Each structure stands twice: as structure tokens, then as C-alpha cells.
Novice: 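Below you will find the structure I want to go over with you.
Since the structure is predicted, the reported quantities are computational estimates derived from the model, not experimental observations. We're numbering straight along the sequence, starting at 1. Hydrogens, waters and symmetry mates are skipped; everything else that's a heavy atom, side chains included, is used.
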Amino acid sequence: MRRRTLALATASGAALLAAAALPATAQPGVPRALPAAPGGGLQEGSVSAADLLAKLKGCSQLSNGKYRTDEETSATVPVCGKNGAVFWKADMDVDCDGQTTSKCNADTDPWYQDDTAFRQSNGKPLNAEKLPYVVVPSSSGIWNYASAGIKGGGVVAVIYNNQVEYAVVGDTGPDKIIGEASYAAAKGLGINPDPENGGADSGVTYVLFKNSKASPIESHADAVSRGDALAKKFLQDN
């Protein structure tokens, strides 16, 4: 199984996402339609994995070059553009950075860092064990996520094995490597969430909705609610 690179980017310039919004507790009215897949997999929102993937055939490349999925692999993954979103198809390494918990700490993760590039509304790092979040490559000559309308707290649809899970942009990683998400994101999709030996080698699609933002960033329920609406609009516009 692949392992995360040792060259993790330092979480810097943490954006304190101020929230006059509701706390990160379960909120009523979040659209869910279970099961997502024939095997009873995860389905958040009402838009199916098949419908989203049908709109992601081909690639209008936005990045100036391609990313590697690991330090030792060749660069094969472009960032692609669609109306209202960017996407890439890669693997999933497991990020445990952020708050120290029983599953995410220096003992369980050899690359553990106690901070994330984007933080909760109360200023604390994100909780990788509880919050599904996605890692974007640090800005470089290959691609600058901010110039594409992607920001901390932005809503992401993560598709794997005919399942749809909504997450937020929560951290930044190496500037030449792509394909990473939090412990909670992996676990929700049935991927081994172990930060050292877990993850998925391929088959993960990340759809990042432009100019979107969960409020507060730590509310998964808000990400699901907004994600469902954004996914419906994405289908209409593409």
C-alpha cells in the first residue's frame, strides 16, 4: 500500500474562518438518500455517483502540467475544469493532521502535524478523525488553487466505489503531489483510514466546487446540505 510522502508541506497562513453560523452539530433537514450503491454504500445528498461521473468524462486541463500521486511515482494527474468546479482523479492518502485524538496523533501517524492550513471557527485546527476534509496541493507553478476559486472550507464531492461523500477543503499538502483526504473522509467511504498503511491506490474522484464554503468549516452537515445543492447545479450546468 502506498504511504504518504515525508515532504509534507507545513500548514501555514491558517485561515480563521469566522462563523456567525451554527455550531458543528448535526443539523436537521440535511438531504440524504440511502443507500447510494447496490452494496448499500455511503450516499450523502440526492445526486448519485454515476450522474456526477457522467459529467466528468474527458479533461479540460487547468494545471500547467500534472501531479504525482506519490513521491516515487511519475506525474500523471491533471487538474481539470468544468463549469462551476475543478476535479481530479487520483488515489487517496490519509491525512491525520490537526487536533490530537485517539486515532490521529504522533504515535499513530509518523508524519503527524498538530495543525491544518485552515481552521475551525474557534481558531482550533480541524479534527481529521471526525471531519471529512480534502487536502489540496500547495500553490505552485503547476496550479494555484486560490486562482481557480477554491478556498479553505470549500465544498468537495468525493466519489469512490459508487459512493458520494461531501467534504471541505481543509489542508494543503506538497506542491507536486495530489490525492489526499482526512481520516474521517476515508473511513466514511469504507477506505482503510490508517494514516500509515491505509488509503486507496486509485479510483477516487475529487470534485471541488468553485467559490463555495461550508459555514462553519467544521460542520459536516452544512457541507452535505450545500454540496447537494451544488451537485444539482453542476449537473444542470454541464
Side-chain angles (χ1 to χ4, degrees), residues 2 4-5 7-9 13 47-95 117-118 132-182 185-186 189 191 199-213 223 226-227 230-238:
R2 281 191 320 97
R4 287 171 55 200
T5 173
L8 282 176
V47 178
S48 71
D51 285 346
L52 284 171
L53 290 173
K55 300 292 186 178
L56 302 175
K57 296 177 180 177
C59 175
S60 177
Q61 186 169 327
L62 297 179
S63 54
N64 299 314
K66 298 179 180 180
Y67 287 95
R68 294 175 288 176
T69 56
D70 249 333
E71 213 168 39
E72 66 273 14
T73 62
S74 57
T76 60
V77 180
V79 174
C80 309
K82 297 291 284 187
N83 289 330
V86 302
F87 73 95
W88 55 82
K89 299 180 179 182
D91 61 342
M92 183 185 286
D93 288 333
V94 178
D95 188 356
F118 308 105
Y133 71 71
V134 166
V135 180
V136 296
S138 296
S139 296
S140 71
I142 301 176
W143 184 58
N144 182 337
Y145 65 88
S147 67
I150 306 305
K151 62 184 75 175
V155 180
V156 186
V158 186
I159 306 166
Y160 176 74
N161 195 24
N162 202 33
Q163 302 170 97
V164 178
E165 177 181 48
Y166 290 102
V168 294
V169 175
D171 205 359
T172 57
D175 61 8
K176 293 181 175 63
I177 296 175
I178 206 165
E180 188 174 4
S182 69
L189 291 167
I191 295 171
D201 285 335
S202 62
V204 185
T205 300
Y206 304 82
V207 184
L208 289 72
F209 298 106
K210 297 179 181 179
N211 301 310
S212 63
K213 188 175 179 181
R226 292 177 191 269
L230 288 163
K232 290 176 181 176
K233 189 174 189 319
F234 178 80
L235 296 185
Q236 294 173 353
D237 294 347
N238 290 277

Novice: Could you report the tightest heavy-atom contact between Ala223 and Tyr166, atom names first, then the distance?
Specialist: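 Nearest pair, atom of Ala223 first, then Tyr166: O-CB, 3.9 Å.
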
Novice: Is there a donor-acceptor contact under 3.5 Å linking the side chains of Asp175 and Ser138?
Specialist: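 Side-chain D/A pair, Asp175 to Ser138: absent.
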
Novice: Quick one: does any side-chain atom of Asn83 pair with a main-chain N or O of Asp237 as donor and acceptor, under 3.5 Å?
Specialist: yes

Novice: Using atom types as modelled and distance alone, determine if a side-chain donor or acceptor of Ser139 lies under 3.5 Å from a backbone N or O of Asn144.
Specialist: no

Novice: Could you tell me which non-hydrogen atom of Leu52 sits nearest to which non-hydrogen atom of Ala231, and how far apart they are?
Specialist: CD2-CB, 4.2 Å

Novice: Once rounded to the nearest 0.5 Å, what's the spacing between atom CG of Asn161 and atom CD1 of Ile191?
Specialist: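 The distance works out to 8.5 Å.
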
Novice: Does any part of the side chain of Lys55, heavy atoms only, come nearer than 4.5 Å to the side chain of Val207, both counted from C-beta?
Specialist: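 Contact flag for Val207/Lys55 side chains = no.
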
Novice: Mark yes when over 12 heavy atoms from residues, nucleotides or ligands other than Lys176 sit less than 6.0 Å from its NZ; otherwise mark no.
Specialist: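 Not more than 12 within 6.0 Å, no.
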
Novice: May I ask you to test the Thr69-Trp88 pair for a side-chain heavy-atom distance under 4.5 Å?
Specialist: no

Novice: To the nearest 0.5 Å, how far apart are CD in Gln163 and CG in Leu189?
Specialist: 5.5 Å

Novice: State, to 0.1 Å, how close Lys151 and Val169 come at their nearest heavy-atom pair, and which atoms those are.
Specialist: O-CB, 3.4 Å

Novice: What distance separates Leu230 CG from Leu235 CG, expressed to the nearest 0.5 Å?
Specialist: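 Reported value, rounded in 0.5 Å steps: 11.0 Å.
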
Novice: Would you name the heavy atoms of Gly58 and Phe87 that are closest together and state the gap between them?
Specialist: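 Taking every non-hydrogen atom into account, O-CZ, 3.5 Å.
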
Novice: Could you work out, with side chain to side chain contact (heavy atoms under 4.5 Å, CB included) as the rule, every residue matching Ala50, not counting sequence neighbours?
Specialist: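 Residues passing side chain to side chain contact (heavy atoms under 4.5 Å, CB included) with Ala50: Ser48.
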
Novice: Could you tell me if the side chain of Thr172 sits less than 4.5 Å from the side chain of Val136, heavy atoms only?
Specialist: yes

Novice: Going by heavy atoms in the side chains, are Lys232 and Val47 under 4.5 Å from each other?
Specialist: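 Side chain of Lys232 against side chain of Val47, heavy atoms only: contact under 4.5 Å found.
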
Novice: Are Met92 and Tyr160 packed together at the side-chain level, in the sense that at least one heavy-atom pair is separated by less than 4.5 angstrom?
Specialist: no

Novice: Side chains of Val86 and Trp143, heavy atoms from C-beta outward: is any pair under 4.5 Å?
Specialist: yes

Novice: Ignoring hydrogens, what is the shortest heavy-atom contact between Leu56 and Lys89? Give both atom names and the distance.
Specialist: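 Of all heavy-atom pairs spanning Leu56 and Lys89, the closest is O-NZ, 3.1 Å.
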
Novice: Are any non-hydrogen side-chain atoms of Val79 and Ile178 less than 4.5 angstrom apart?
Specialist: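 Heavy-atom side-chain distance check passes, below 4.5 Å.
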
Novice: To the nearest 0.5 Å, what is the distance between NZ (Lys233) and CZ (Phe209)?
Specialist: 11.0 Å

Novice: Using every non-hydrogen atom in the two residues, find where Tyr145 and Pro137 come nearest and quote the distance to one decimal.
Specialist: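 Heavy atoms only, the tightest pair is CD2-O, 3.5 Å.
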
